[in-house]
Colleague: 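Next up is a structure, given as structure tokens.
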Amino acid sequence: ILYTSFQTTFKLMLNPYAAISIKTSTEGTEDLFLEGVSGYGLIYAVVILLIVLIPVILDLKKLRISFLGKIFILVLGFSFLYLIILSNYFTALIVTLMAILTIIVLYRNKKMLFILAPFALLYIMFQKDINVTVLDTISSFVQTDGLTYRRIQEIKAELIFGSRTESVDSRSGVVNQSIDLLSEYPILGYATELGNNFDLNRVGQHSYILDTYALFGIFLGTYSFWIMWLPFRYRITSKNGYKLRVFSWTVGFTFMILITMNNLTATMGFAAFFVFPTVFDYINKRVNG
């Protein structure tokens, strides 16, 4: 993961569409793989890995990590963030920023919820100006010839002029396909039509959660949802303290959003089911004994 992340970052600095083209095009994909470049599966795994790193960074002193270890973790965190910014996966960028902000604000003290109230009021009063400022800040870090920059400019135009942002909403059609299919086959799912008039193109194929519900119905779909939530539920309900519950809720909610809005990959599963529990137990042991 580390080697591929660095190779992909170097390639993205030369070609803003290197990561996203692996998912959407076969032309040149083999050459990119041979260079150690990866796309969708890597980027969304890195999103989870970066969020998992944030509590470690916030608790560097308490975790009694060596100086070189601290440098490595900080460099790794910034490298992951830079990779996500360069990748042109807009959903990954937005989800990452929201998750990091959530942990930074809430991780220290639950009283922050009350402190946030006046800031929320200010945001409501000056929502448009704040949103434009945030978008301008993000766009200053991304490549101007990339897809993310174009989407940010479209959102900005919608905020200022009310124009439509069609490329940002490009997945709504395929999501609706799965929802419509679920409403047509709610109990046993569309998979019951295998061998008859089954057509995979009727499934949206852009959301693990919604596609599972559409294919296998409400019961197996809910069972799959429960399995995906299980490692987070276990740690949220255990008596591990406020900070670790915030950590678990944030990573778990982020993971569920990602697999609802996108397909699930083995690398995302590795990050959520192996790296997250390992880091959680490490923090719990070092901080809470």
Colleague: Is the gap between the ring centers of Phe247 and Phe276 under 6.0 Å?
Modeller: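 Centroid distance Phe247-Phe276: below 6.0 Å, so yes.
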
Colleague: Among residues two or more places apart or on two chains, list those pairs meeting salt bridge (Lys or Arg N to Asp or Glu O under 4.0 Å) that have a residue in residues 242-267.
Modeller: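 Pairs touching residues 242-267 that pass the test: Asp59-Lys243.
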
Colleague: Would you give the length of the straight line joining atom CG of Leu258 to atom CD1 of Ile48, rounded to the nearest 0.5 angstrom?
Modeller: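 CD1 of Ile48 is found 5.5 Å from CG of Leu258.
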
Colleague: Can you pull out every salt bridge (Lys or Arg N to Asp or Glu O under 4.0 Å) where at least one residue sits in residues 7-20? Sequence neighbours excluded, please.
Modeller: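 Listed once each, the pairs are Lys11-Glu35.
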
Colleague: Test of understanding: with side chain to side chain contact (heavy atoms under 4.5 Å, CB included), list the residues that count as partners of Phe273, not counting sequence neighbours.
Modeller: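 Residues passing side chain to side chain contact (heavy atoms under 4.5 Å, CB included) with Phe273: Met228, Pro231, Phe255.
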
Colleague: Restricting to side-chain hydrogen bond (donor to acceptor under 3.5 Å, both in side chains), what partner residues turn up for Thr222, sequence neighbours left out?
Modeller: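 If we apply the side-chain hydrogen bond (donor to acceptor under 3.5 Å, both in side chains) test to Thr222, skipping adjacent residues, the hits are Tyr213.
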
Colleague: Taking the six-membered ring for Trp, are Trp226 and Tyr223 parallel (under 30°), tilted (30 to 60°) or perpendicular (over 60°)?
Modeller: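 Trp226 vs Tyr223 ring planes: parallel.
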
Colleague: List the atom pairs, donor and acceptor, that lie under 3.5 Å between side-chain atoms in residues 66-75 and the rest of the protein, sequence neighbours left out.
Modeller:
residue	atom	partner	partner atom	Å
Ser66	OG	Gly69	N	3.2

Colleague: Kindly list each side-chain donor-acceptor pair under 3.5 angstrom involving residues 92-106, sequence neighbours excluded, with atom names and distances?
Modeller:
residue	atom	partner	partner atom	Å
Thr96	OG1	Ala92	O	2.6
Thr102	OG1	Met98	O	2.8

Colleague: Run through Val251, Leu53, Val52 and flag the one making a side-chain contact (heavy atoms from CB on, under 4.5 Å) with Val275.
Modeller: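 Only one of Val251, Leu53, Val52 forms a side-chain contact (heavy atoms from CB on, under 4.5 Å) with Val275, namely Val52.
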
Colleague: Which pairs with one or both residues in residues 131-141 pass salt bridge (Lys or Arg N to Asp or Glu O under 4.0 Å), sequence neighbours excluded?
Modeller: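 Residue pairs passing salt bridge (Lys or Arg N to Asp or Glu O under 4.0 Å), neighbours aside: Asp136-Lys156.
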
Colleague: Once rounded to the nearest 0.5 Å, what's the spacing between atom CZ of Arg235 and atom CG of Leu244?
Modeller: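 Reported value, rounded in 0.5 Å steps: 10.5 Å.
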
Colleague: Please report, to 0.1 Å, the donor-acceptor pairs under 3.5 Å made by any side chain of residues 279-286, with sequence neighbours excluded.
Modeller:
residue	atom	partner	partner atom	Å
Asn284	OD1	Asn288	ND2	2.9
Asn284	ND2	Asn240	OD1	3.3
Arg286	NH1	Leu63	O	2.5

Colleague: Run the ring-ring contact (aromatic ring centres under 6.0 Å, His included) test against Trp229 and tell me which residues pass, sequence neighbours left out.
Modeller: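 Scan of Trp229 (ring-ring contact (aromatic ring centres under 6.0 Å, His included), adjacent residues dropped) gives Phe232, Trp249.
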
Colleague: Quick one: side chain to side chain contact (heavy atoms under 4.5 Å, CB included) partners of Thr8, sequence neighbours excluded?
Modeller: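 Here the qualifying residues are Thr4, Leu12, Ala19, Val37, Ser38, Leu42, Leu83.
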
Colleague: Tell me every residue that passes side-chain hydrogen bond (donor to acceptor under 3.5 Å, both in side chains) with Ser5, counting only those two or more places apart in sequence or in another chain.
Modeller: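 Ser5: no side-chain hydrogen bond (donor to acceptor under 3.5 Å, both in side chains) contacts found.
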
Colleague: I need the Asn262 CG to Ile209 CD1 distance, nearest 0.5 Å.
Modeller: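 That separation rounds to 11.5 Å.
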
Colleague: Ignoring hydrogens and angles, tell me if any N or O in the side chain of Ser224 forms a donor-acceptor pair with the backbone of Gly221 under 3.5 Å.
Modeller: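 No, because the side chain of Ser224 does not come within donor-acceptor range (under 3.5 Å) of the backbone of Gly221.
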
Colleague: For Thr9, which residues count as a side-chain hydrogen bond (donor to acceptor under 3.5 Å, both in side chains) partner, sequence neighbours excluded?
Modeller: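 For Thr9, no residue satisfies side-chain hydrogen bond (donor to acceptor under 3.5 Å, both in side chains) once neighbours in sequence are set aside.
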
Colleague: If two hydrophobic side chains count as joined below 4.5 Å and joins carry through other members, does Leu2 share a cluster with Leu81?
Modeller: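 Yes; tracing contacts between hydrophobic side chains, which count when under 4.5 Å, links both residues.
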
Colleague: The test is side chain to side chain contact (heavy atoms under 4.5 Å, CB included); show your working for Ile84 and Tyr89 and say whether it passes.
Modeller: CA-CA 7 Å; Ile84 294 167; Tyr89 283 94; over 6 Å; no

Colleague: Among the clusters formed by ILVMFWY side chains lying less than 4.5 Å apart, do Phe78 and Ile43 turn up in the same one?
Modeller: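 Each belongs to a different hydrophobic cluster.
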
